[in-house]
Amino acid sequence: MDYSFDMDLELCPVCGDTVSGYHYGLLTCESCKGFFKRTVQNNKKYICAENQDCQIDKMQRKRCPFCRFQKCLHVGMRLEAVRADRMRGGRNKFGPMYKRDRALKQQKRALIQSRGLRMQTTSMVLSSNPMECTFSGGQVQSGLSEGEDVTATPHYVHARRASTLAASFSGLAIKWEQRELYAGTSQASFAENCTFSAKPSSPYASLLVPDVSGVPQLILELLRCDLDDLQVRGKINGHLQRLRDGWGSQEKPSTFGLTCLMIDQTLFYVVEWARGCIFFKELKVSDQMKLLHNCWCELLALDFIYRQVQHGKEGSMLLVTGQEVELPAIMADAEPVLNSLVQKGQALVGVFQSLQIDRKEIACFKFLILFNPDVNLLENKSYVENIKERVHGALLEYTLHASPQRVDKFSQLLLCLSDLRAASSLAEDYLCSKHICGEMPCNNLLIEMLYAKHNCL
DNA sequence: GTAGCCTTGAGG
DNA sequence: CCTCAAGGCTAC
C-alpha cells in the first residue's frame, strides 16, 4: 500500500503506532484496524483485569483488549464501518469525510509549517478524527452493524453505563422542561420538517443573501442572538455578590471554588444564549440538551478567549466579572495542568489576534460549535447538519469578502476551532479531576454538565 | 489472538 | 485505469 501524504507523521490515536490509512472512520495503524475488525465481526467480549483504564500504547496494546477496544470507540472508530455482509472492496459512506479530513490536514500542515509550529499527532484525538466525534470522558459512538446482537457488545455495556449516569442527572432536564413550559414556547415542529435548501419559502431562506455591507444576512441574524456583554457582567456580579453576602466567615470558598462559581454563572448565560438562538430554539429540548452537553466547555472557552482578544493586555486576564488578573500571579502557584491550560489559552488568543478575528466570525464560531451533527443520538441530525453547513457557507463567504487578501483565512479559522476543542477537552478533564478531589462547589450547573458528558465522576 | 501483507471492487 | 478502505489469509 502506498502510505503517502506524510503518513509517517501521523500516529495511531489508539496505540501511537504508525498510521497505515483511514480505517473505520479515522487514521489508525494496521494492527488496530485488524483488532477493531476482529472484535466487531466476531462480537468479542473482553474483560479488563485491572480498572478499565489500562494504558494502550504500541508495546502494551496486546495486554488488555477490553481497554484497547474502549479506546478504539473513544477515539471515534466506527462500528458501522465494519460491514455486516463482509463484502470486500468498494467504498463506504465515509469516503467524502476522509477526503475532507485529508484536505483539512493538508491545510493544517501548511499552516503549521508556515508558522514554524510542531504538529501534535498523538494526544490530539480530534485531529485524527474526521467525524469530529466527542472524545473526552468516554462518550460512545452509536451505530451497530445490522444484525448484530446489540446487548452482547462491550459497546453496549459502555453505553448502558453512560445512560445510567445520564438518568441519574435528570435534574437539569426537568428544570429545562419546566423553563420551556413557563416560557410558553412550543415544541417546535419547524426544525423537524424544515430543509432549507429544499424550501426557499421558509422564513429563513432570505438569510442566504448578503446585505449591502457584504455581511451575509445569516451572520447578521447570528449576531442578533448575542447577549449584551455588560448586562451579563452586571448580572453575574450581582449573583456573586448575593452569594458573598450569604457567606459566614468560615464557609468562604477557596479561590478555585470562587472561580467555579463564576464559571457556573457564565455557563448559565451560555445556556441562556443558546436557548434564545435562532435555529437552536427550533430544536426539541432533548436535542438542545445533547448539543449543549457536548459543547458547553468549548463555548465557555471561546467566550473566555475572545474576551482576552478584546482585552488585549498580554500580562493579564480579563474575567467575565470585569476583574483584571495578573497572569504571573496565576501561574506562580498553579498546578502544571492549569499552567499548560493557561498557556494553551494564551496561544489561542495570539492566533485569534493575528487572524484579526472579529465579532461576526466569533458569532459563526459559536454556532459551528453548538450545531455539531456528530453528537450522539440526535433526533434531528440532518437539521443540525444543515445549519452547520449554512453557517460554514456564510463564514466562508464573509471571510472572502472581508479579508480578500487572506484567501486561507477560512481554513485557518477552522483550525482555530479544532485547537479550541482540544483545549476545551483538557479543561474538562481538569475540572473532572478537581471535582473528583472534592474541590468543586456542589449542586451547580457546571457539575451537571460535567456529569452529562463524563463518566469519570 | 495478533499483525503484516494480500485481494477486492466501488468510485473518481 | 487508479485509488484506497474494506475483508481475507497466514506466519507467528
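Proteins get letters first, then strands, A, B, ... in listed order; numbering begins at 1 in each.
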Between B:dG1 (P) and A:Glu30 (CD): distance, integer Å: 19 Å
Nearest-Å distance for atom pair CZ/P, residues A:Phe36 and B:dA3: 16 Å
- prompt: A:Tyr24 side chain N/O closer than 4.0 Å to the phosphate oxygens (OP1, OP2) of C:dG7?
  reply: yes
message: Can you see if the side chain of A:Asn92 gets near the phosphate of C:dA5 - specifically, an N or O under 4.0 Å from OP1 or OP2?
response: no
message: Tell me every residue that passes side-chain hydrogen bond (donor to acceptor under 3.5 Å, both in side chains) with A:Arg88, counting only those two or more places apart in sequence or in another chain.
response: none
query: A:Arg61 near the nucleic acid: base, sugar-phosphate alone, or nothing, with a heavy-atom cut-off under 4.0 Å?
result: sugar-phosphate
task: Quickly work out the A:Asn42 CG to B:dT2 P distance and round it to whole Å.
output: 10 Å
query: Under 4.0 Å between a side-chain N/O of A:Arg86 and OP1 or OP2 of C:dA6, yes or no?
result: no
message: With a 4.0 Å limit, can you tell me whether A:Lys33 has a side-chain N or O closer than that to the phosphate oxygens OP1/OP2 of C:dG7?
response: no
task: Write down the distance between OH (A:Tyr22) and C1' (C:dT3), rounded to a whole number of angstrom.
output: 14 Å
cation_pi(A:Lys360, A:Tyr398) dist<6.0 Å, angle<=45: no
Atom pairs under 3.5 Å, N or O on each side, protein against nucleotides 8-12 of chain B: can you list them with distances?
{"from": "B:dT8", "atom 1": "O2", "to": "A:Gly89", "atom 2": "N", "distance (Å)": "3.1"}
{"from": "B:dG9", "atom 1": "O4'", "to": "A:Gly90", "atom 2": "N", "distance (Å)": "3.4"}
{"from": "B:dG9", "atom 1": "N2", "to": "A:Gly90", "atom 2": "O", "distance (Å)": "3.4"}
{"from": "B:dG9", "atom 1": "N2", "to": "A:Arg91", "atom 2": "NH1", "distance (Å)": "3.3"}
{"from": "B:dG9", "atom 1": "N3", "to": "A:Gly90", "atom 2": "N", "distance (Å)": "3.0"}

task: Return the value, rounded to whole Å, for the distance between atom NE2 of A:His23 and atom P of B:dA3.
output: 13 Å
message: What is the distance, to the nearest angstrom, from the CZ atom on A:Phe35 to the C1' atom on B:dT2?
response: 10 Å
- prompt: Closer than 4.0 Å, any side-chain N/O of A:Gln41 to the OP1 or OP2 of C:dA6?
  reply: no
statement: Sorted by chain and number, sequence neighbours left out, ring pair (Phe, Tyr, Trp, His ring centres under 6.0 Å) with A:Phe410 holds for A:His392
- request: Only counting residues at least two apart or in another chain, list the ones meeting side-chain contact (heavy atoms from CB on, under 4.5 Å) with A:Lys62.
  value: none
- request: Could you point out which residue of A:Tyr24, A:Phe66, A:Tyr46 forms a ring pair (Phe, Tyr, Trp, His ring centres under 6.0 Å) with A:Phe35?
  value: A:Tyr46
- line: Those residues at least two apart in sequence (or on a different chain) that pass side-chain hydrogen bond (donor to acceptor under 3.5 Å, both in side chains) with A:Asp57 are A:Gln60
field: Sugar-phosphate only, base, or nothing, as touched by A:Arg68 at under 4.0 Å among non-hydrogen atoms
entry: sugar-phosphate
field: For A:Asp53, side-chain hydrogen bond (donor to acceptor under 3.5 Å, both in side chains) partners two or more places apart
entry: none
Dump every N/O contact between nucleotides 9-12 of chain C and the protein below 3.5 Å, one line per pair.
none

field: Distance below 4.0 Å between A:Arg78 side-chain N/O and C:dA6 OP1 or OP2
entry: no
task: Check side-chain hydrogen bond (donor to acceptor under 3.5 Å, both in side chains) between A:Arg224 and all other residues, then give those that pass, not counting sequence neighbours.
output: A:Glu221
message: My understanding is that only residues two or more places apart in sequence, or in another chain, count here; which of them pass ring pair (Phe, Tyr, Trp, His ring centres under 6.0 Å) with A:Phe371?
response: A:Phe367
